[in-house]
Amino acid sequence: MEYSFSNIEPKWQEEWRKNKTYKVEVDNSRPKFYVLDMFPYPSGAGLHVGHPLGYIASDIFSRYKRQKGFNVLHPMGYDAYGLPAEQYAIQTGQHPAVTTEINIKRYREQLDKIGFSFDWNREVQTCDPEYYKWTQWAFIQMFNHWFNNETQKAEPIADLVTEFEKNGNNGINAACSPTEVFTAEEWKAKDEKAQQETLLNYRIAYLADTMVNWCPELGTVLANDEVKDGVSVRGGHPVVQKTMRQWSLRVSAYAERLLAGLDKVDWSDSLKEIQRNWIGKSIGASVHFKLDGHDHQIEIFTTRPDTLYGATFMVMAPEHELVRELTTPDHKEEVEKYIEWAGNRNERERIADAKSITGVFTGAYGINPITNEKIPIWIADYVLMGYGTGAIMAVPAHDSRDFAFAKHFKLPIIQVVVGEGDKESDPANWEESYDAKEGKMINSDLINGLDVKKAIETITKHIESQELGKKQINYKLRDAIFSRQRYWGEPFPVYYKDDMPYVLDEDKLPLELPEVDKYLPTEDGQPPLGRAKNWTTEDGHPLELNTMPGFAGSSAYYLRYMDPRNNDALVSKEANEYWQDVDLYVGGTEHATGHLIYSRFWNKFLFDIGKVIKDEPYKKLINQGMIQGRSNFVYRIKGENKYVSFGLRKDYDVTPIHVDVNIVDNDILDTEAFRNWRPEFKDAEFILEDGKYVCGYAVEKMSKSMFNVVNPDIIIEKYGADTLRLYEMFLGPVEQSKPWDTKGIDGVHRFLKKFWRLFYEGENLIITDEQPNENELKVINKTIHKIGDDIERFSFNTAISAFMICVNDLNDLKCHKKAILEPLTIMLSSFAPHIAEELWHAAGNTSTVIDATFPTYDEKYLK
RNA sequence: GCGGAUGUGGCGGAAUUGGUAGACGCGCUAGACUUAGGAUCUAGUGUCGAGAGACGUGGGGGUUCGAGUCCCUUCAUCCGCACCA
């Protein structure tokens, strides 16, 4: 019998499906292992060969763990809400649910062909009401909780109300929006609306006027991680800053725990570093600067209180609320002009223009609290309203931005730190500031002679004792803006009474997404849900018109997989206690600052309120690399329908044109297929080299527009799923990005055929029951040792090469002994399940190879 | 600018702890079997050299009996962050 993957693969896929081979249940007699893939957004383009890379790796690991005796949870589902389906709906009028369903079906067909061991009984789709019920439920919990900075955890709003009634809010240290201080009496005197308004400042899911990233093109606000370089990540549309009343999640309250948690998880250093940067902790002091001739004072944040003696001016963000008030009449005009100019600049211009120095003097002076010197107050847009307090003390000698500013506007510069081995010099002659965090203090009265570290400590104590300010920790991490002015997302379980938001009772969930006539904003600028009929509660209160963002549904999906059909809870205690957390999470690094922060936050919140037992959701995380496209080019001679082969193109004046990689094989163009590709090439002529048309190539993103998308179905049709799986892994380390290049796929395919021939010669099964000899035992034991090792460290490419070596050796030894081939087959089944199952049965086994036990090796054969 | 990663044959990549650099595969060369093969098998394949041998892991320097691996320095590419006070 020849190796016929096209017969074998569908046969066993059907068999596994029939026998529910991949169905898993809680089983307290066996240890659990949870392997999770980041679930895909089902786009209209279907899967390309890059998508399954991570799925194959996690599938191998799942199968391996199963053979090692673990009860493996390995689910899959769909992140089904999202902009592309909605944009498509706007263009075509097609309901996004319909396109999403079609796309999911296509994804499923493609995934099924690859032979994954997913337990599809546990499939979730984020747009399914039974699923998003729990997204809405979590939102309600966040609405009903506040974050206590003292205990560092979420606590019920009801407890907060009790405290307000008893003592007002003075003794409360909460992560909250700015709120006035009130007594118990003042609280009780507030009417319902005023109380609700106050509580809103404390809720973890809260509604507030916030500066948001507004994307006019998409008609919605975007979260920080959805914006890059001033344009939307999806679509690349310009984004502007705008104040809007929006739902936000108080992610920033969890900044410290999100940071600390990173030390407990087994993720790559680079990914942890990205998260640390995003959280952006900095330790320093907030210091009050009195104003000359004003009652107000300005609070600034600095990480270098030691340089206070070198603060020679102050700078405020143009949007700072005090700017207008303290600007003197003679500078008013200038300041107004600057504020307007700065306000009109969008994020993109500001970033692009970062090097030019702009700013104006307000005419006002602050008092340096430590020297009591009068220092001028400027406004400039290099100071951001969104970080710290929106005002800084400028220490030009030791901060490069302040230095550039001082030079430009001829402001005084005082050196207060001198580097080890250096002498004090005149800053007027400096080319650049001395930003170093080491050195000795000079010109600094109280702290002269101290090194920087000690000086920071000393001066901070001094500031605190004199009540000039206090030690302070700042984070870059912002609260997540949670409203989207879009249709295709989870509706908020929120209604409005007297303009105040209230959440629905849990028994009203799910609040299903209503039908609308069009997926566009209403005429008066309301989100699409404004078009829904009867979008009110039973007693007539209007429901929220915004929907939730993409990351809502993906924040707790790993929990839902544990118990996906539970109607009474997101996850039962029993299931949660058994499955606990994700042991291995595989996905792309592009989710480093979005999903992976949000879902950690979400999980920590659920942990706080006692709904889940683990503080961190993803124990180990592997980032699979991206598979880039390898584009091919033909070279058209300008003005002619004639194409010159790659090696000869220099002799002509040519235009490179992308050509569909599916009609190119090893860079050789199928000229006939090219003529048929598109009408304009019908009469194409070619200038060949060595009788062939050689294409040029480039590594680019895999995308339709570059004609470099390779679909896994085509590979499967030609070589089979086992070859595809093997080849994707053989390409190199999973974490590494690499271009897809089919060259070399024959090698792994040949390997499978060779493996097959250890069992079959022509039509005859040639395996024997003979006892293996020393050499054969050495070969198999070494292989068992190596494969186990390699899988444990996710080195699948070297594992495959070990398989190849083993098969080559057995081939040389003419070994067809069952005792050797069976353990080999068991190991290979994680990588190439179909051929392994076929040969496992050919060898006389009746149960599935998937449940076989991973072989053990004997040390004595390893030498 | 800051942070992280990566540089090894014609190509993808091995070398897990400082111990024979280039495993495995592709490609290429020669041969066998074949009506034919884009099937299969055998041998060869880092570079220079007829050979002995010399040189070789981006470049330069160092530690070591011994360095792809450790240290310093420099260059290149990729990724992330970027007026974060």
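A note on names: the letters A, B, ... follow the listed sequences, proteins ahead of strands, and every chain is numbered from 1. Every heavy atom of this structure was used, including side-chain atoms; hydrogens, water molecules and symmetry mates were not.
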J.: Before you tell me yes or no, could you show the steps for A:Tyr382 and A:Phe405 under ring-ring contact (aromatic ring centres under 6.0 Å, His included), namely the whole-Å CA-CA distance, both residues' side-chain angles and the distance that decides it to 0.1 Å?
T.: CA-CA 9 Å; A:Tyr382 84 88; A:Phe405 196 81; 5.3 Å; yes
J.: Considering just the side-chain nitrogens and oxygens of A:Ser282, establish if one lies under 4.0 Å of OP1 or OP2 belonging to B:rA85.
T.: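 Yes, within the criterion.
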J.: Which way is the base of B:rG51 turned, syn or anti, if we draw the line at 90° from 0?
T.: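 Anti, since the glycosidic angle lies more than 90° from 0.
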J.: Take the protein atom CG of A:Asp746 and the nucleotide atom P of B:rC28, then report the distance between them rounded to whole Å.
T.: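 Rounding to the nearest Å, CG of A:Asp746 and P of B:rC28 are 11 Å apart.
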J.: Please state the C1' separation for the pair B:rG13 and B:rG18 - nearest whole angstrom.
T.: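 It works out to 22 Å between them.
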J.: Within 45 degrees of the ring normal and closer than 6.0 Å to the centroid, is that where the cationic atom of A:Arg750 sits relative to A:Trp756?
T.: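 No, A:Arg750 does not sit over the ring of A:Trp756.
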J.: Touch check for A:Arg276, heavy atoms < 4.0 angstrom, all strands: base, sugar-phosphate only, or nothing?
T.: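 No contact.
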J.: What integer distance in Å separates A:Ile787:CD1 from B:rA23:C1'?
T.: 14 Å
J.: A:Lys814 NZ to B:rU42 P: how many Å, rounded?
T.: 9 Å
J.: Is there side-chain contact between A:Leu862 and A:Lys782, with at least one heavy-atom pair below 4.5 Å?
T.: yes
J.: Have a look at A:Leu384 and say if it touches a base, only the backbone sugar-phosphate, or nothing, with a 4.0 Å heavy-atom cut-off.
T.: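 It contacts base atoms.
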J.: Between B:rU57 and B:rG9, how far apart are the C1' atoms? Round to whole Å, please.
T.: 10 Å
J.: At 4.0 Å (heavy atoms only), tell me whether A:Asp269 reaches a base, stays on the sugar-phosphate, or touches nothing.
T.: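 Result for A:Asp269 = nothing.
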J.: Does any nucleotide pair with B:rA23 by Watson-Crick or G-U wobble geometry, both distances under 3.5 Å, and what is it?
T.: none
J.: Taking only N and O in the side chain of A:Asn797, is any of them less than 4.0 Å away from OP1 or OP2 of B:rA14?
T.: yes
J.: Any salt bridge linking A:Lys281 with A:Glu256? Criterion: basic side-chain nitrogen under 4.0 Å from a carboxylate oxygen.
T.: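 A salt bridge is present here (some side-chain N lies under 4.0 Å from a carboxylate O).
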J.: Sticking with atom C1', work out how far B:rA5 lies from B:rA39, rounded to a whole angstrom.
T.: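 Pairwise C1' distance, B:rA5 against B:rA39, rounds to 43 Å.
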J.: For nucleotides B:rC75 and B:rG10, find the distance between their P atoms and express it as a whole number of Å.
T.: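 So the two P atoms sit 26 Å from each other.
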J.: Between A:His785 and A:Tyr861, is the gap from one ring center to the other below 6.0 Å?
T.: no
J.: One thing to verify: whether A:Asp263 and A:Arg276 come together as a salt bridge, which I'm taking to mean a side-chain N less than 4.0 angstrom from a carboxylate O.
T.: yes
J.: Looking across every strand, which nucleic acid part, if any, lies under 4.0 Å from A:Ser801 by heavy atom: base, sugar-phosphate, or nothing?
T.: base
J.: Between B:rG12, B:rA14, B:rG80, which nucleotide has the shortest distance from any of its atoms to the side chain of A:Thr798?
T.: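 That would be B:rA14.
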J.: What is the pairing partner of B:rC33, taking Watson-Crick or G-U wobble pairs with both distances under 3.5 Å in any strand?
T.: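 Across any shown strand, B:rC33 pairs with none.
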J.: Just the rounded figure in Å: distance from C1' of B:rC78 to NZ of A:Lys738.
T.: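 It works out to 15 Å between those atoms.
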J.: If B:rC81 has a Watson-Crick or G-U wobble mate with both distances under 3.5 Å, name it; if not, just say none.
T.: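 B:rG1 - that is the nucleotide pairing with B:rC81, both distances being under 3.5 Å.
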J.: In whole Å, I'd like the distance from the OH atom of A:Tyr382 to the C1' atom of B:rG1.
T.: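 So the OH-C1' distance, A:Tyr382 to B:rG1, works out to 16 Å.
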J.: Write down the distance separating the P atoms in B:rA30 and B:rC24, rounded off to the nearest Å.
T.: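 Nearest-Å result for B:rA30 against B:rC24 at atom P: 23 Å.
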J.: Reckon A:Arg757 touches a base, only the sugar-phosphate, or nothing at all at heavy-atom distances under 4.0 Å?
T.: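 Result for A:Arg757 = sugar-phosphate.
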J.: Suppose we define a pair by two distances each less than 3.5 Å, Watson-Crick or G-U wobble; what does B:rG7 pair with here?
T.: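 In the structure as shown, B:rG7 has B:rC75 as its Watson-Crick or wobble partner.
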J.: Which nucleotide, if any, forms a Watson-Crick or G-U wobble pair with B:rG44, using both distances under 3.5 Å?
T.: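 Across all strands, the one nucleotide that pairs with B:rG44 is B:rC28.
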J.: What does B:rA14 pair with, Watson-Crick or G-U, if both distances are under 3.5 Å?
T.: none
J.: So which heavy atom on A:Ile463 is nearest to which on A:Leu308, and how close?
T.: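 Looking at all heavy atoms of both residues, the shortest contact is CD1-CD2, 4.0 Å.
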J.: Looking at side-chain heavy atoms only, is the closest gap between A:Ile377 and A:Ile298 below 4.5 Å?
T.: yes
J.: Send over the distance from A:Gln628 CD to B:rC11 P, rounded to a whole Å.
T.: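 After rounding, the reported distance stands at 17 Å.
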J.: Could you check how far CD of A:Glu728 sits from C1' of B:rG12, rounded to whole Å?
T.: 14 Å
J.: Rounding to the closest angstrom, what is the interatomic distance between B:rG19 and B:rU34 at atom C1'?
T.: 48 Å
J.: Within the 4.0 Å heavy-atom criterion, would you say A:Asp402 contacts the bases, only the backbone, or no part of the nucleic acid?
T.: nothing
J.: Applying a 4.0 Å non-hydrogen cut-off, can you work out what A:Pro739 is touching in the nucleic acid: base, sugar-phosphate, or nothing?
T.: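 A:Pro739: no heavy atom of the nucleic acid under 4.0 Å.
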J.: If you assign A:Lys718 and A:Gly390 each to the RNA chain B nucleotide with the nearest heavy atom, which residue ends up on the more 5' nucleotide?
T.: A:Lys718
J.: Quick one: look up who B:rU69 pairs with, Watson-Crick or G-U, both distances under 3.5 Å, and put none if it's unpaired.
T.: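 Base-paired to nothing in any strand shown.
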J.: Report which part of the nucleic acid A:Lys786 touches: base, sugar-phosphate, or nothing (heavy-atom distance under 4.0 Å, all strands).
T.: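 Base contact.
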J.: From CG of A:Asn811 over to P of B:rC41, roughly how many Å is that when rounded to an integer?
T.: 7 Å
J.: Quote, to the nearest angstrom, the P distance that separates B:rG66 from B:rG51.
T.: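 B:rG66 and B:rG51 have their P atoms separated by 30 Å.
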J.: Would you classify A:Val395 as touching base, sugar-phosphate or nothing, given that sugar-phosphate means primed atoms plus P, OP1 and OP2, and contacts are heavy atoms under 4.0 Å?
T.: nothing
J.: Does B:rU6 have OP1 or OP2 sitting under 4.0 Å from an N or O in the side chain of A:Gln736?
T.: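 No, no such contact exists.
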